[in-house]
Structures are given as structure tokens and as C-alpha cells.
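The figures that follow rest on heavy atoms only: side chains count, while hydrogens, waters and symmetry mates do not.
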Amino acid sequence: MGCSGDTKASELDSGSNTNTDGGVVSDAASDAASDAASRALSVDHYSFWKSSKPEVTGESVFVAAVDGLADNAGTLQSPWDLATAFQTFHTPNSAPAPGDYVLYLRGGIYPGGYVVKFNRDAGLQTATLTVRPYPGEIVIFDATGNEEGEHNLYVNGSHITIDGFVFTSRNPNRLTGRDEVVSCGGVYDDGYNNRFMNNIIHDVLHSGIATARNENNTAPAASATDQGGTLLYGNIFFNCGYAETDVQGSGNTIYLQNIAGQKRVQHNILFNSFKTQVTVYHSGNDIENVVVSENISFNAGAPGKVTQRNILVGSEGNFTDMVIEGNSLYHSPWNIDKSNLQVGYGGEGNVGLRVTDNIVFGGGYSTGSWGSVLEINRPWEDALFTGNLLVNHASDARLVWYPNLPDTADREQFVFTGNSYYMGRGNSQATPGETHVQDQYPALEVRAYSIEGEHRAYVAVFNFDGSTDVVTTTIPEITGSWQVFDAENLLGGPVSQGSGTQISIPLDLTQTFAPIGTPDGVSFREVPHTDPEFGAYVVTWSD
């Protein structure tokens, strides 16, 4: 059985059942809002996502379009269809003359699943392939009618950049055991040295982006900071995955494995997944050299009935060299079944861990729950935790927890220095020399991450006690007028706008973009807005 649903690709242009700002209504009282066919979206809903990058021209630039033809020339005036365009780059012999290729996709909706390959081993040793929407246009990959296991996009080969698309599905069948089995992911990366940047991936019925191990990556590191690996950067993920009958959600939003080069996950927003949001894991093999840096991740597992981790790093094999730095992580006080940040899963021979400058708020709300703000689950030599802010909602909630390392000797290998702890318990058993827990909330914290090459930034606001109604912050990169979008209702229009480098963000927002389907408590549960305690926002600006 496939991922086919009742919504046709053509219906995505209807733009029906929107509020006055163009966002989808999440009020449970609205029958239409919980019906996928009537929650159809148009390209116009994503108009704020148009790229700031200038147009590239030249003989290595090619064009595909929804109405393109296989025997066209692949130019702006005579575009290919998308399948032909991707097929052109499958092998060096069929590709055009070597160069750094750019393939533009004209605006519109591309239903189905596609395969893009780029093998530069023979004749294309220095070439790259960048696939982008044509400047000023929006491109949606729609997996509504895909077959079982068919992704929006399957990427094979190396040095491919996928930049600036929307990947989604309108299939309402989110529950295994119904008439149609649901398992259609967004993007699958079966190559190495690839980049996935500035994409919106939502409501796909498995992982948002899954990547293989990079086993074929034999290229030397380009520099100390560019180690010839894969990059996930500037993307926004929400409502990814599906529900298992009476169990929990499935489909990790980002699923990583790695054994050569480096994989970096940086400056992404992830929320309301059906399972874990950033999962670095392999069921049997070792993993090495992964960086998870300056992401905003919140309420993992929330619609899937069981809380999951915002970041889970571990393997049944061993892990070498892991960096978790500068992330903003949040669990709502009712989202308490699992830990917020977990390091270690099955392997006993892990080496090299840096957990620095993260804000981690919520997780393991009560003594009876399985979870904590920070869970350290297996031994890890050379492990350092520094500059982190750990906060929980109640004084009886765990802050740091070692469920599988009960002895003091097992915990002495972990070094804690310069961290802050609030409103919880349990850190004294884990962090010698850092035993003091503040009994009140910390001050308001605002973090902004500017997206390189785009007029866009992501902002996380930790309004710890919920007392602030509006927050202002400065983004120096803003060059003209700006708009602020609430990530939880990303397609609902701006919530604030103005000009200058100082922006204002209201913290009394309530509307969300619920997962497509029916929130019946079996397929998934409704998730309320996080405001006013925490919020994530997208800021865009024009010259």
C-alpha cells in the first residue's frame, strides 16, 4: 500500500480554510481544520520563503519546470521536466560539459518522488550541483500520492546542494494499522559531502531528512573547519512522522549516521515531531564526528502521544567525537515522558564529547517520570559539559540523570564546569563541585541565529516565568523592513513588522499549525502553543 490520499496535487492551490492571515486554523471546533483535503495550501502561503540569493547565469545553468518537456533544451525559455533534468546529471557521460552546475526549478508544485544523482568520480572531479528554486519563486515537492517508502527526494552521489524548497505531504493517514500504511519521508541522503539548506519540511510521514553513513567518503578534509562532510543548515521542520497504534510516534525528524568526514546540523528549527527531533544513532555500527550546533528544537514527540528527546546522541556501536553546542531546547511542562537532551544509548566505548553553551529547559517533570533535562546514559571518555543552562519546571524534577551509571565511579569521567541549574534536583549526584541549584527561574534569555546568505534569522525566546508580554532584540544584519513569523504558525502571516535592526516579538500567541489528519488521541494528540513561556520565531527582511 502507498502513501496515496484523497488530496490531489492540484487541490493544493485552493488555499481554502485559512484564517485572515492565510494560516491554517488549528481550532479543534473547526471540522474543516482537521480534514486534510480542506487544509490545502497554495504556493502563496510560502511567499515569505523566497530566497535572497541573486540569479546565476551562464552555460552551466539549467532550468526545469512543472510544464517542462523532456526534449526541451533545459533553458529558461525551453525548460526540461524535472525527471529529465535530474536524469541528465545521473552520470558524468550524460551530464553537460563539466562545471559547477546550477539547476533552477520554476515555481509550482511537483507531485511524486524524485531521484537526483551526481557522480563526479569520472570526468567531473571538481564539479558541484546546486538545485534551487528560480529566484523569486516557490517550489513545493508534494508526496501526497507517493508509494510506500517513496521520499519526496532521494539524493545519491556527492557535492549536491538542495537549497530553498518546501517538502510536504497532504496525506491524512498518520496511523499504522489504518487502511494505508504510512511511511513516506521528506529527503533521503544516500551520498556524501552534500548540503541541505533553507528548506521547509513539514507533515511528511516519516523522517524529515535521513542520511546514510558516508562510507564512500574518501575525500580529504578541505580545511580544519570543512572536513568534507554533509551539512544540514537553515531548515525548518515540523509535524514530521506518524503514529504507531497505541504505542508512540515514529519517524525521527533528522536521522543521522556517519563514519567518514563530518556531519553538521546547524541553525535549524525543529518542533512537534512524532518521535525524536535530532537522532544520531546506528543500531549496530560505530558513529564518528558529528556537530549539532545552534539549533532551536522543542516538544519532540508531542503529537505522537509519548514525549521524545529533542536531541538523542548514541549508538549500539561506539561513538567518537560529538559536539553539541549553543542549542536552544525546550519541553512543555506536560511533555515529560522522556529526557530533553540525551547522550549515550548502547555503546560502552564512546570517546570525545563536548556539550557547551546550550539552554535546556524542561524534561522529566516529576520523580515518577522517565526522563530529565539532561540524561547521560552510557560511559563516555573525555566528556566535557560547560556553559550550559539547565532549567526544569518544578523542584522535584531531575536536572541531570544517570539511569545506567549508578555508581559514583562511573560518573567521575564526566567533567562539569561553569554550568547553571534552576528549579530541579539531581545535579549534585552528577556534577561534583556544582551542587547549587537556584530555587527561582533565571532571567529572560533571547538567542538569535542569522542564516548565512539569506535575509533571515531564527530567534528563540526563553520567557522562563511567562511574565513578559513583548520582547525586543537586535539583529545587526537587518538592512531594511522586517517581518516576524511565529514558527508554530509559520504559514499564518507575520505577527510583527517594522524597520531597523531592533525587532519586537509578542509573547501572547496561541494559534498553531496542527499535523494533517484527525487529532483523535489515537493517531495523534493536539499540541497547544508554547507561548508565553517559550517561543521560536522566523525573522525576514528586505533591502
Side-chain angles (χ1 to χ4, degrees), residues 49 51-54 56 60-62 85-86 89 99-105 114-121 124-133 135 139 141 151-167 185-201 207-237 253-258 260-270 278 280 289-295 323 449-454 456 458:
W49 202 246
S51 176
S52 307
K53 296 182 177 73
V56 177
S60 294
V61 177
F62 301 89
F86 282 157
F89 294 97
D100 287 326
Y101 302 110
V102 174
L103 174 61
Y104 280 125
L105 277 55
Y114 294 89
V115 178
V116 55
K117 297 182 180 181
F118 189 64
N119 185 342
R120 69 180 199 168
D121 292 339
L124 294 173
Q125 288 87 349
T126 62
T128 63
L129 173 62
T130 298
V131 187
R132 288 184 183 138
V139 172
F141 284 81
H151 305 279
N152 287 103
L153 186 64
Y154 179 92
V155 179
N156 182 268
S158 68
H159 300 86
I160 303 168
T161 296
I162 306 298
D163 183 4
F165 298 102
V166 176
F167 297 94
V187 177
Y188 185 79
D189 174 28
D190 198 18
Y192 57 94
N193 294 356
N194 296 322
R195 296 177 174 239
F196 303 91
M197 306 169 62
N198 305 307
N199 303 291
I200 296 176
I201 304 179
S207 297
I209 293 180
T211 73
R213 298 182 72 217
N214 278 6
E215 291 175 288
N216 297 321
N217 183 12
T218 59
S223 67
T225 56
D226 180 4
Q227 300 189 40
T230 293
L231 175 67
L232 281 62
Y233 181 87
N235 305 288
I236 299 178
F237 305 82
T253 298
I254 294 178
Y255 184 81
L256 297 183
Q257 304 168 354
N258 194 57
Q262 183 187 84
K263 285 192 178 172
R264 176 177 287 269
V265 180
Q266 184 173 15
H267 288 184
N268 302 281
I269 297 179
L270 312 94
V278 178
V280 188
N289 200 359
V290 177
V291 177
V292 180
S293 175
E294 298 184 331
N295 301 280
V323 175
Y449 311 107
S450 294
I451 306 304
E452 184 177 346
E454 299 289 345
R456 188 169 75 249
Y458 301 155

- S51 vs E454 side-chain heavy atoms within contact, under 4.5 Å: yes
- State, to 0.1 Å, how close Y104 and V56 come at their nearest heavy-atom pair, and which atoms those are. OH-N, 2.8 Å
- Task: To the nearest 0.5 Å, tell me how far I236 CD1 sits from W49 CH2.
- Result: 3.5 Å
- Item | Closest heavy-atom pair and its distance - M197, T161 | SD-CG2, 4.1 Å
- Query: When the aromatic ring centroids of Y458 and Y449 are compared, is their separation below 6.0 Å?
  - Reply: no
- Query: Going by heavy atoms in the side chains, are I162 and F167 under 4.5 Å from each other?
  - Reply: yes
- G453 and S52 have their tightest heavy-atom pair at O-CB, 4.2 Å
- Query: How far apart are the closest heavy atoms of K263 and Q257, and which atoms are they?
  - Reply: NZ-O, 2.6 Å
- Quick check: does any side chain N or O of Y192 sit under 3.5 Å from a backbone N or O of G261, one acting as donor and the other as acceptor? no
- Item | Spacing of OH belonging to Y255 relative to OG1 belonging to T211, to within rounding of 0.5 Å | 9.0 Å
- Closest non-hydrogen contact found for N268 with Q266 is ND2-O, 3.1 Å
- Task: State which residue, out of V166, N198, D163, V139, fulfils the side chain to side chain contact (heavy atoms under 4.5 Å, CB included) condition with P133.
- Result: V139
- What distance separates Y101 OH from S60 OG, expressed to the nearest 0.5 Å? 6.0 Å
- Task: Check each of V265, V290, D189 against T230 using the side chain to side chain contact (heavy atoms under 4.5 Å, CB included) test, and report the only one that passes.
- Result: D189
- side chain to side chain contact (heavy atoms under 4.5 Å, CB included) with F165: which of I201, L105, N235, V187? L105
- Pick from L153, V155, N152: which one makes a side chain to side chain contact (heavy atoms under 4.5 Å, CB included) with Y114? L153
- Task: For residues F118 and H159, report the shortest heavy-atom separation together with the two atoms involved.
- Result: CD2-O, 4.2 Å
- Query: From F89 CZ over to K117 NZ, what is the distance, rounded to the nearest 0.5 angstrom?
  - Reply: 15.0 Å
- Note on the structure: CG of L232 to CZ of F196, rounded to nearest 0.5 Å, is 6.5 Å
- Euclidean distance, L231 CG relative to R195 CZ, rounded to 0.5 Å: 5.0 Å
- Message: Using modelled atom types and a 3.5 Å cut-off, is there a donor and acceptor pairing between side-chain atoms of N295 and backbone atoms of H267?
- Response: yes
- Query: Hey, does the side chain of N194 reach the backbone of G157 with a donor-acceptor pair shorter than 3.5 angstrom?
  - Reply: yes
